[in-house]
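Order of listing sets the numbers, starting from 1, for every ligand and every atom in it. Values in this document were obtained by computation on a predicted structure and should not be read as measured data. Numbering starts at 1 and runs along the sequence shown.
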Amino acid sequence: MTVSLVTGAAGFIGYHLAKHLSEDPTATVICVDNFIRGERDNLYEDLTGRPNVIEYSIDLTKPDQLVKLPDNIELIYHLAALNGTQNFYERPYEVMKCSTLPIFYLLDRYRDSPSLKRFIYASTSEVYASTVRKFKWVIPTTENVPLSIEDPCNPRWSYGASKLHGEVLINSAHQSFNIPYSIIRYHNIYGPRMGDKHVIPDFAIRIKKGIFELYGHSDTRSFLYIDDAVKATVLCAHLEDTKNEIINIGGSLEISILDLAKKMMEISGLSGDMKLYPSPNGSVSRRVPSVEKLEKLVGFKESVSLEEGLKRTLDYYLK
Ligand SMILES: NC(=O)c1ccc[n+]([C@@H]2O[C@H](COP(=O)([O-])OP(=O)(O)OC[C@H]3O[C@@H](n4cnc5c(N)ncnc54)[C@H](O)[C@@H]3O)[C@@H](O)[C@H]2O)c1
């Protein structure tokens, strides 16, 4: 019976989340996107064509457009943001705008709503990446790590700064208007329909073309398959223990990008001479979340192994 609003529903996580929510026929799912990054492909058309899904193509940086949204929203999953490393460098102003203004406008729109039960905000490891890099903070990193931005004059940090701002803003809204929230820090979620910019789809598309080039091979990350990320997100949105908490959502297995690429080659059966290149300037060499809080508060455990998740993702990208 829950009425959920998913912003950024045409994007990667938003699409899978909205699809999952819409599988309950008693639920109503409101999908919002302005397609600055997300795609109106067949999958999105199928999703928004479902009887319990209502679509709004609106730009959340324009407050007059938010009045069109229904009043009776119970859960807001705010995932809309201008993501993508290239965007951080080339369009930092728009990155800041798309990742800050919508939060103000959504909070203003729903802060007095009697139906609102939780504001779920999608944050990122980028809010603490500078602390890990500059101050050699502990890895796996817990949620109480100090947040920082290494260099406000380097546009690379536009995204991290906007998300850091978002976390403070959500908490301020809670202090001022008693809005219940959960802040979710996603860490390298992967799966089908994730675009072509992240390391997994990027390498998949390259090897499909017979190009075995890999960037940032010695960096390490952990990855979480999209279905697990969606499950964890929905649990965080409903549980009492996750109210007004910040929670890491990610995988616990640390793997180098080179080993990840080798796994992808093995699973796909595609092989060739690898050409290795360093990661772009400003990249974070190690990033692994502590998922202790996720396990303790949410009782969440990964159900899709890296091998299985990569297989499903490669099936999608190599088709
Ligand atoms: N994918 C990950 O591993 C990851 C990691 C950390 C954080 N996050 C965060 O999770 C959220 C979802 O990530 P994703 O990978 O699905 O990103 P995505 O880029 O695929 O989706 C974001 C969507 O938001 C939409 N959008 C942007 N500005 C908008 C606006 N002004 N009005 C309406 N829609 C707008 C875009 O068109 C896009 O479809 C983002 O906030 C992202 O910062 C994701």
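Taking the six-membered ring for Trp and thresholds of 30 and 60 degrees, Phe35 and Tyr44 have ring planes more than 60 degrees apart, a perpendicular arrangement. A perpendicular orientation is assigned to the rings of Phe203 and Phe212, their planes being inclined by more than 60° (bins at 30° and 60°).
One side chain, Ser182 or Arg118, offers a donor N or O that lies under 3.5 Å from an acceptor on the other. Between the side chains of Ser22 and Arg50, at least one donor N or O lies within less than 3.5 Å of an accepting N or O. Counted by atom type alone, Ser123 and Glu167 present one or more donor-acceptor pairs between their side chains at under 3.5 Å. Defined by atom type and a distance below 3.5 Å, a donor-acceptor pair is missing between the side-chain atoms of Tyr225 and Ser305. Residues Thr2 and Ser4 bring no donor and acceptor atom of their side chains to less than 3.5 Å of each other. No donor-acceptor contact under 3.5 angstrom links the side chains of Glu74 and Ser115, judged on distance only.
Taking atom 20 (O) of ligand 1 as the reference point, the nearest protein heavy-atom neighbour is Phe12 N, 2.9 Å. Remark: minimum distance from atom 17 (O) of ligand 1 to any protein heavy atom is reached at Asn83 ND2, 3.5 Å. Of the protein's non-hydrogen atoms, Tyr186 CB, 3.8 Å is the one closest to atom 4 (C) of ligand 1. For atom 22 (C) of ligand 1, the nearest non-hydrogen atom of the protein is Ala81 O, 3.7 Å. Protein heavy atom nearest atom 9 (C) of ligand 1, with residue, atom name and distance: Tyr159 OH, 3.9 Å. Residue, atom and distance of the protein heavy atom nearest to atom 21 (O) of ligand 1 are Gly11 CA, 3.4 Å. Looking from atom 29 (C) of ligand 1 to the surrounding protein, the closest heavy atom is Asn34 OD1, 3.3 Å. What sits closest to atom 31 (N) of ligand 1 on the protein, heavy atoms only, is Asp59 OD1, 2.9 Å.
The N/O atoms of Gly38, backbone and side chain alike, include one that comes under 3.5 Å of an N/O atom in ligand 1. In terms of polar-atom proximity, His198 is not counted as a contact of ligand 1, lacking any N or O under 3.5 Å from an N or O of the ligand. Among the atoms of Ile189, some N or O lies under 3.5 angstrom from an N or O of ligand 1. The shortest N or O to N or O distance between Ala10 and ligand 1 is not below 3.5 Å. Looking at ligand 1, you won't find any N or O of Ala80 less than 3.5 Å from one of its N or O atoms. Checking only distances, His187 never comes within under 3.5 Å of ligand 1, N or O to N or O. Considering backbone and side-chain atoms alike, Gly8 places every N or O at 3.5 Å or more from each N or O of ligand 1. Remark: ligand 1 and Ile13 share an N or O pair separated by less than 3.5 Å (distance only, no angle test). Checking only distances, Leu82 never comes within under 3.5 Å of ligand 1, N or O to N or O.
The shell of residues lying under 4.0 angstrom from ligand 1, judged by heavy atoms, includes Lys163. A heavy-atom separation below 4.0 Å is not found between Tyr190 and ligand 1. Residue Thr7 places every heavy atom at 4.0 Å or more from ligand 1. Residue contact annotation: Gly195 has no non-hydrogen atom under 4.0 Å from ligand 1.
Heavy-atom contacts from other residues, nucleotides or ligands closer than 6.0 Å to CD of Glu45 number more than 12. Counting heavy atoms of neighbouring residues, nucleotides and ligands inside a 6.0 Å radius, atom NZ of Lys19 does not exceed 12 of them. By the neighbour-count criterion of 12 heavy atoms within 6.0 Å, atom OH of Tyr277 is densely surrounded, having more than that number from other residues, nucleotides or ligands.
Neither the backbone nor the side chain of Leu101 comes within contact range of ligand 1; no heavy atom lies under 4.0 Å. Residue contacts with ligand 1, taken as heavy atom pairs separated by less than 4.0 Å, involve Ser123 solely via the backbone atoms N, CA, C and O.
Of the options Pro146, Ser130, Ser148, a side-chain contact (heavy atoms from CB on, under 4.5 Å) to Trp137 is made by Pro146 and by none of the others.
Ligand-side atoms of ligand 1 in range of Arg37: 18 (P), 19 (O), 36 (C), 37 (O), 38 (C), range being under 4.0 angstrom from any heavy atom. Remark: ligand 1 atoms within the under-4.0 Å shell around heavy atoms of Ile58 are 32 (N), 33 (C). Heavy-atom contacts of Asn188 reach the following atoms of ligand 1: 3 (O) (cutoff under 4.0 Å). Heavy-atom proximity to Phe35, at under 4.0 Å, picks out these atoms of ligand 1: 37 (O). Counting atoms of ligand 1 from 1 in the listed order, those under 4.0 Å from a heavy atom of Cys98 are 28 (N), 31 (N).
Taking the six-membered ring wherever Trp is involved, the centroid distance between the rings of Tyr181 and Phe119 does not fall below 6.0 Å. Proximity of the aromatic rings of His165 and Phe104 is defined here by a centroid distance below 6.0 angstrom, and this criterion is met.
Nearest to atom 39 (O) of ligand 1 by heavy atom, out of Thr124, Thr233, Asp33, is Asp33. Evaluated by nearest non-hydrogen atom to atom 12 (C) of ligand 1, the leading choice among Leu79, Thr61, Leu60 is Leu79.
The pair Lys62-Asp59 meets the salt-bridge criterion, since a charged nitrogen lies less than 4.0 angstrom from a carboxylate oxygen. Of the charged side-chain nitrogens involved, at least one lies within less than 4.0 Å of a carboxylate oxygen, so that Lys243 and Glu240 count as a salt-bridged pair.
The backbone N or O of Arg185 sits less than 3.5 Å from a side-chain atom of His187, completing a donor-acceptor pair.
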